[in-house]
Amino acid sequence: MVSPSACAQKLLSFFPFLLVLLDLQYEGVECGINADVDKHLEMGKKLLAAGQLADALSHFHSAIDGDPDNYQAYYRRATAFLAMGKSKAAIPDLSRVIELKPDFTSARLQRGQLLLKQGKLDEAEEDFKKVLKSSPSEQEEKEANSQLLKSDEIQRMRTQGVNAFNQGDYATAETFLNFVLETCAWDAEIRELRAECFINQGEPGKAISDLKAASKLKNDNTGAYYKVSNIYYQLGDHEMSLSEIRECLKLDPDHKDCFSHYKQVKKLSRQIQSAEEFIQEGRYEDAISKYQGVLKTEPNVPYYSALVQERTCHCYSKNQQSSEAIKACTEYLQKEPININALKDRAEAYILEEMYEEAVRDYETAQQNSENDKQIKEGLEKAQRLLKQSQKRDYYKILGVKRNAKKQEIIKAYRKLAQQWHPDNFQNEEEKKRAEKKFIDIASAKEVLTDPEKRSRFDAGEDPLDPESQQGGGGAHFHRGWNQWQGFNPFGSGGAFNFKFHYN
């Protein structure tokens, strides 16, 4: 039997060997980890060179997970972020590189340039100065000195721009801020300041791009979203205004100004949408009423007042309320004299009022500003035909009815005039001849205007009873004499020969 002391002594003799085995095992694990990290870095590098940025980034993430103190992994990931346009994400990685390897001048120079773009001039200058103190290469030294000079100039321009803004000299302020933003493109504060310059110079549309950029550059920038929404609202783009104010409320659902503005824009947007739906359905009176509601909701923004006028003009014209249309369109065209839609709408109303010369003028003005508009071309041709036709014989005028008169109105007018001008009512020979001609015109007018197909042709500027205006010359019956109309009953519904008038 072996004694316990002998066993212990034997174990102790093997202890150094066990330590070596453990050390070798640990070293193998470490080598395995480093090899895996190197593999990820190499794959990421190849993918980055091939432009496969998302895949490269994934490998750099894995490399950092495998070795959180590997400065090269952070540097390469920062490079990938920059290639993807994610500068905000690159800066923390570059800062970690500098923390792990303070003499890595390339990382410090790169971070300085990013800080300069963000408008963090003091921090950027500190990086450039440290590059110069850390034995840089000739190229790095040259770049750091160049960036320091640029930063110093930007500092001066920025100060002058802010001073000019505070003094109310917005044009001068804009000039200085333009220079600053050529380099500090990611400076949210300067972008918002330049936006205010545009607004104060009466050019709010130019402010939108700066404010949108500022809303992305600065976290939780509810103020920028609110301003953009207000600008869109003032410019009449209520849909974009609604979209931007929703972004504000996503960041802060309890934002007082944004919520109040949201309710206003939402109400106005619904009213306009509803009015346009009524127009699509041909419910023009309802559309006019809804647009009057728009004016009550927003009486102070000129765009919406003009919109109400223009759409009211359109509705009256389409609803064949010609006198109302002419009045509404004229009021709007005094402010917007070359608005194509209003010119077309007024021209149509003029046609209904048989004011053909005015209709031609409106269509000609519209055509000068929209040469390829098919509707304008067709409308002008129609107005010109009607003008020419009006200089000959107008069936509506003969019966004394408007162009949009219903069939029953036409028949009623015809019966009254036929009774009045029937030749049997006149004894004097000259009067009889005049009455015959008048009666023939009245009967012809009734024939054309109670026949949908003939009336449509006449409304298009063609006289269906005039052989000269027909392509096939098939309208010879226009030259009817009085004898052909004898026995015609002006009081019958279908124009049949119900009884005969005795005329010698």
Side-chain angles (χ1 to χ4, degrees), residues 69 71-167 169-170 172-197 209-211 213-221 223-224:
D69 294 329
Y71 74 91
Q72 287 189 353
Y74 285 104
Y75 186 69
R76 289 182 184 173
R77 188 169 74 173
T79 305
F81 278 136
L82 288 171
M84 297 171 82
K86 298 180 178 179
S87 60
K88 280 186 179 179
I91 291 176
D93 275 359
L94 291 171
S95 296
R96 179 66 173 148
V97 172
I98 294 164
E99 181 185 336
L100 293 167
K101 192 171 177 60
D103 62 343
F104 196 162
T105 53
S106 292
R108 196 178 287 280
L109 194 59
Q110 218 163 17
R111 186 178 71 174
Q113 290 168 340
L114 292 176
L115 291 170
L116 196 62
K117 282 190 174 184
Q118 289 184 334
K120 297 178 180 178
L121 304 179
D122 293 338
E123 293 176 46
E125 286 181 7
E126 187 179 343
D127 270 344
F128 298 139
K129 287 174 182 176
K130 284 185 177 178
V131 167
L132 294 173
K133 292 177 182 177
S134 59
S135 303
S137 68
E138 185 179 342
Q139 181 60 36
E140 288 171 339
E141 183 179 0
K142 183 180 178 182
E143 180 65 21
N145 277 318
S146 172
Q147 294 296 337
L148 277 171
L149 287 171
K150 183 186 286 187
S151 179
D152 183 58
E153 188 176 15
I154 290 169
Q155 286 274 26
R156 286 187 288 103
M157 289 292 199
R158 180 177 181 141
T159 301
Q160 287 177 285
V162 171
N163 289 339
F165 180 87
N166 291 335
Q167 291 167 13
D169 187 354
Y170 303 113
T172 302
E174 181 196 334
T175 302
F176 287 123
L177 299 179
N178 287 343
F179 179 86
V180 173
L181 285 168
E182 283 177 13
T183 302
C184 307
W186 303 336
D187 189 332
E189 184 182 334
I190 293 299
R191 283 200 173 273
E192 289 188 75
L193 196 63
R194 187 171 70 173
E196 288 298 321
C197 288
S209 60
D210 275 341
L211 289 169
S215 70
K216 301 289 188 295
L217 291 167
K218 190 192 294 183
N219 292 330
D220 300 329
N221 196 348

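For the single chain, residues carry numbers from 1 onward in sequence order.
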Neighbour count above 12 (heavy atom, 6.0 Å) for Lys86 NZ: no
Whether over 12 other heavy atoms sit under 6.0 Å from Lys88 NZ: yes
Cationic N near anionic O, under 4.0 Å, Arg158 to Glu189: yes
Ionic contact status for Asp103 with Lys101, cut-off 4.0 Å: yes
Min side-chain heavy-atom separation [X]-[Y] under 4.5 Å:
X      : Y      : value
Ile190 : Cys184 : no
Leu115 : Glu126 : no
Asp127 : Gln147 : no
Gln155 : Glu125 : yes
Glu192 : Leu211 : yes
Asp93  : Tyr75  : no
Thr172 : Gln167 : no
Ile98  : Lys130 : no

Nearest heavy atoms of [X] and [Y], plus distance in Å:
X      : Y      : result
Ala188 : Ala214 : O-CB, 4.0 Å
Asn178 : Arg194 : OD1-NH1, 2.8 Å
Gly161 : Ala173 : O-CB, 3.5 Å
Leu132 : Ala144 : CD2-CB, 3.8 Å
Thr105 : Val131 : O-CG2, 4.0 Å

Parallel, tilted or perpendicular, as decided by the 30° and 60° cut-offs, for the rings of Tyr170 and Phe165: perpendicular
Separation between [atom1] of [X] and [atom2] of [Y], rounded to the nearest 0.5 Å:
X      : Y      : atom1 : atom2 : value
Glu182 : Ile154 : CD    : CD1   : 9.0 Å
Glu153 : Leu149 : CD    : CG    : 9.0 Å
Phe128 : Glu140 : CZ    : CD    : 12.5 Å
Thr79  : Met84  : OG1   : CE    : 13.0 Å
Tyr74  : Ser95  : OH    : OG    : 12.0 Å
Ser215 : Arg191 : OG    : CZ    : 11.0 Å

Exam field: side chain Asp152 to backbone Leu148, donor-acceptor pair closer than 3.5 Å: no
Verdict with reasoning, Trp186 to Leu114, per side chain to side chain contact (heavy atoms under 4.5 Å, CB included): CA-CA 9 Å; Trp186 303 336; Leu114 292 176; 3.6 Å; yes
Verdict with reasoning, Gln118 to Ile91, per side chain to side chain contact (heavy atoms under 4.5 Å, CB included): CA-CA 11 Å; Gln118 289 184 334; Ile91 291 176; 3.4 Å; yes
